[in-house]
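Residue numbering restarts at 1 for every chain, and letters A, B, ... go by the order of the sequence lines. Small disclaimer: the values here were computed from a predicted structure and weren't measured.
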Amino acid sequence: MNLSNKLKYWYLENKRHLPWRETKDPYAIWLSEIILQQTRVIQGLPYYEAFLKTYPTVFDLANAPEDDILRLWQGLGYYSRARNLHETAKKVAFEYNGSFPNNYKDLILLKGIGDYTAAAIASIAFDEVVPVVDGNVFRVLSRIYGITSDISAGATKKEFQQLAQTLIPQNNPALFNQAIMDFGAIQCTPKSPDCSACPFIKECIAYQTNQVDKLPIKISKVKVKNRYLDFLIFVDQNNCTLIEQRTQKDIWQKLYQFPVIDRFENKKADINSIIQTQYAKINVQNITLMNPKQIVHVLSHQKLHIHFWLINTADVLTEGVQWSELNKFGFPIVIHNFIQSYSNYITNQTLP
DNA sequence: AAACCGGGGAG
DNA sequence: CTCCCAGGTTT
């Protein structure tokens with residue numbers, strides 16, 4: 001039996017039952033694919049349900065304010081996905097009358113849809129015979145065929161695409177693509193794969209040569225920069241505070257935050273003098289460091305060292321937002337979590 | 001080709 | 001602690 005047939009039978013026995021597998025609606029399939037980029041199924045599932053409930057059609061999503069979409073995306077990370085999601089929704093709704101392009105070539109032209117996602121939507125929603133190549137496919141094929149190329153190299157991706165193109169069946173490409181990804185996620189896992197129950201145990205080069213734990217080979221190394229953030233939480237007599245939207249091309253673009261002192265040098269911020277110079281208009285009563293033990297928040301390329309400062313003022317912050325209204329804004333998850341745990345302290349001066 | 005972009009969970 | 005997840009965009 002050939003590889004695609006073995007995969008099919010494995011899949012029919014072991015597949016995960018996921019809501020986006022119960023539909024052929026391109027909108028729902030597109031939504032699921034964007035959410036699942038660099039995201040585990042278990043983490044993306046509640047967001048998929050929430051988005052489909054809040055925005056049942058591409059028109060609902062297109063007509064929504066970007067801030068609402070970012071707030072619903074809050075905590076999922078890679079926020080450019082949410083911004084691109086909105087841009088593509090508007091294009092599909094208003095330029096294509098709500099109909100998604102029905103093929104790989106046109107899908108890949110849309111914002112937020114790259115090689116993988118175009119192939120996934122084209123095959124799953126429209127039965128186009130085009131293979132997906134994601135982390136699961138790299139792992140499964142590199143092991144079965146004993147491919148030792150560096151998967152972080154662009155040429156290697158083409159190599160895997162060509163191989164997958166020879167394997168994907170003409171009759172049910174959607175099943176093949178989902179099967180190979182589920183197989184990689186459930187059985188041929190990065191660590192401790194279940195080789196004893198594997199249908200490819202006889203032909204898997206990696207297993208036969210005892211190098212399952214060495215494949216796939218990935219060389220690229222990311223260097224993580226340290227970054228130091230001191231958030232300034234001004235609170236006036238009416239429990240109003242100052243927030244701002246991040247606009248720079250940087251992490252968390254278009255999410256909200258408290259005013260911040262932001263630097264890449266490990267140098268203690270002189271909060272008092274900074275407030276006196278940059279916020280001279282505000283009549284400060286007292287300044288409290290809320291977390292003497294810094295919060296460390298790790299991103300893929302940055303390690304954030306964070307302090308939150310409570311700054312009471314007798315003034316009325318006319319540009320401020322009521323503390324109880326903060327949940328109407330999308331924050332980076334580290335700030336959101338801080339707000340949740342310190343709300344009582346800030347509004348009632350009681351310890352968390 | 002390389003840099004950049006979140007957050008979480010497994011081992 | 002390290003690794004990596006149904007990747008994509010920008011430089």
Nearest-Å distance for atom pair [atom1]/[atom2], residues [X] and [N]:
X	N	atom1	atom2	value
A:Asp182	C:dC5	CG	C1'	14 Å
A:Lys157	C:dG7	NZ	P	10 Å
A:Asp150	B:dA2	CG	C1'	13 Å
A:Lys218	C:dG7	NZ	P	10 Å
A:Leu107	C:dG8	CG	C1'	15 Å
A:Lys15	C:dA6	NZ	P	17 Å
A:His297	B:dG7	NE2	C1'	6 Å
A:Ile34	C:dG7	CD1	P	11 Å

Those residues at least two apart in sequence (or on a different chain) that pass side-chain contact (heavy atoms from CB on, under 4.5 Å) with A:Ala64 are A:Tyr55, A:Ile69

query = Counting just side-chain N and O atoms, does A:Tyr78 come under 4.0 Å of either OP1 or OP2 of B:dC4?
reply = no

query: For A:Gln38 and C:dG7, is the shortest distance between a side-chain N/O and OP1 or OP2 below 4.0 Å?
result: yes

When the C1' atoms of B:dG6 and C:dC5 are compared, how many Å lie between them, rounded to an integer?
12 Å

(request) Determine the Euclidean distance between corresponding C1' atoms of C:dA6 and B:dA3; express it in Å to zero decimal places. (result) 23 Å

Under 3.5 Å, is there any donor-acceptor pair linking the side chain of A:Ser80 to the base of C:dG8?
no

Item to complete: Measure distances between side-chain N and O atoms of A:Arg21 and base N and O atoms of C:dA6, and say whether any donor-acceptor pair falls under 3.5 Å.
Response: yes

Taking atom types as modelled and ignoring hydrogens, do the side chains of [X] and [Y] form a donor-acceptor contact shorter than 3.5 angstrom?
X	Y	result
A:Ser152	A:Asp150	yes
A:Asn177	A:Ser123	yes
A:Arg83	A:Gln253	yes

5'-most contact on DNA chain C (nearest-nucleotide basis), A:Ile108 vs A:Pro216, goes to A:Pro216

When A:Ser32 and A:Lys111 are each assigned the nearest nucleotide of DNA chain C, the 5'-most assignment goes to A:Ser32

Contacts of A:Tyr116 meeting ring-ring contact (aromatic ring centres under 6.0 Å, His included) (sequence neighbours excluded), chain-then-number -> none

ask   = Is atom NZ of A:Lys8 surrounded by more than 12 heavy atoms (other residues, nucleotides or ligands) closer than 6.0 Å?
value = no

Flag if over 12 foreign heavy atoms under 6.0 Å of CG, A:Leu12
yes

Residues pairing under salt bridge (charged side-chain N to carboxylate O under 4.0 Å, His left out) where one sits in residues 309-330 of chain A, two or more places apart or in two chains, turn out to be A:Glu325-A:Lys328

The complete set of salt bridge (charged side-chain N to carboxylate O under 4.0 Å, His left out) pairs with one or both residues in residues 119-134 of chain A, sequence neighbours excluded, reads A:Lys24-A:Asp127

Quiz: residues 287-294 of chain A side-chain donor-acceptor pairs under 3.5 angstrom, not counting sequence neighbours:
| from | atom 1 | to | atom 2 | distance (Å) |
| --- | --- | --- | --- | --- |
| A:Asn291 | OD1 | A:Phe308 | N | 2.8 |
| A:Asn291 | ND2 | A:Lys293 | O | 3.4 |
| A:Asn291 | ND2 | A:Ile306 | O | 3.0 |
| A:Gln294 | NE2 | A:His305 | ND1 | 3.4 |

Look at all strands and tell whether A:Trp73 reaches a base, only sugar-phosphate, or nothing, counting heavy atoms closer than 4.0 Å.
nothing

Review item, nucleotides 9-11 of chain B N/O atoms under 3.5 Å of protein N/O:
none

Over-ring placement of A:Lys254 relative to A:Tyr79, 6.0 Å and 45° cut-offs: no

Test ring-ring contact (aromatic ring centres under 6.0 Å, His included), reference A:Tyr48, set A:Tyr27, A:Trp20, A:Trp30, output is A:Trp20

Residues of residues 114-132 of chain A with a heavy atom under 4.0 Å from any atom of DNA chain B, listed by number, are none

Within residues 250-263 of chain A, those residues having any heavy atom closer than 4.0 Å to DNA chain B are A:Asp250, A:Ile251, A:Trp252

Note: with side-chain heavy atoms under 4.5 Å as the link, the other cluster members for A:Val130 come out as A:Tyr104, A:Ile108

Note: for A:Ile333 and A:Lys225 on DNA chain B, the residue whose nearest nucleotide lies more 5' is A:Lys225

Ring pair (Phe, Tyr, Trp, His ring centres under 6.0 Å) pairs touching residues 265-291 of chain A, sequence neighbours excluded, are A:Phe234-A:Tyr279

Residue pairs meeting ring pair (Phe, Tyr, Trp, His ring centres under 6.0 Å), one or both in residues 140-182 of chain A, sequence neighbours left out, come to A:Phe138-A:Phe160

Residues in residues 134-146 of chain A with a heavy atom under 4.0 Å of DNA chain C, by number, are A:Asp134, A:Gly135, A:Asn136, A:Arg139

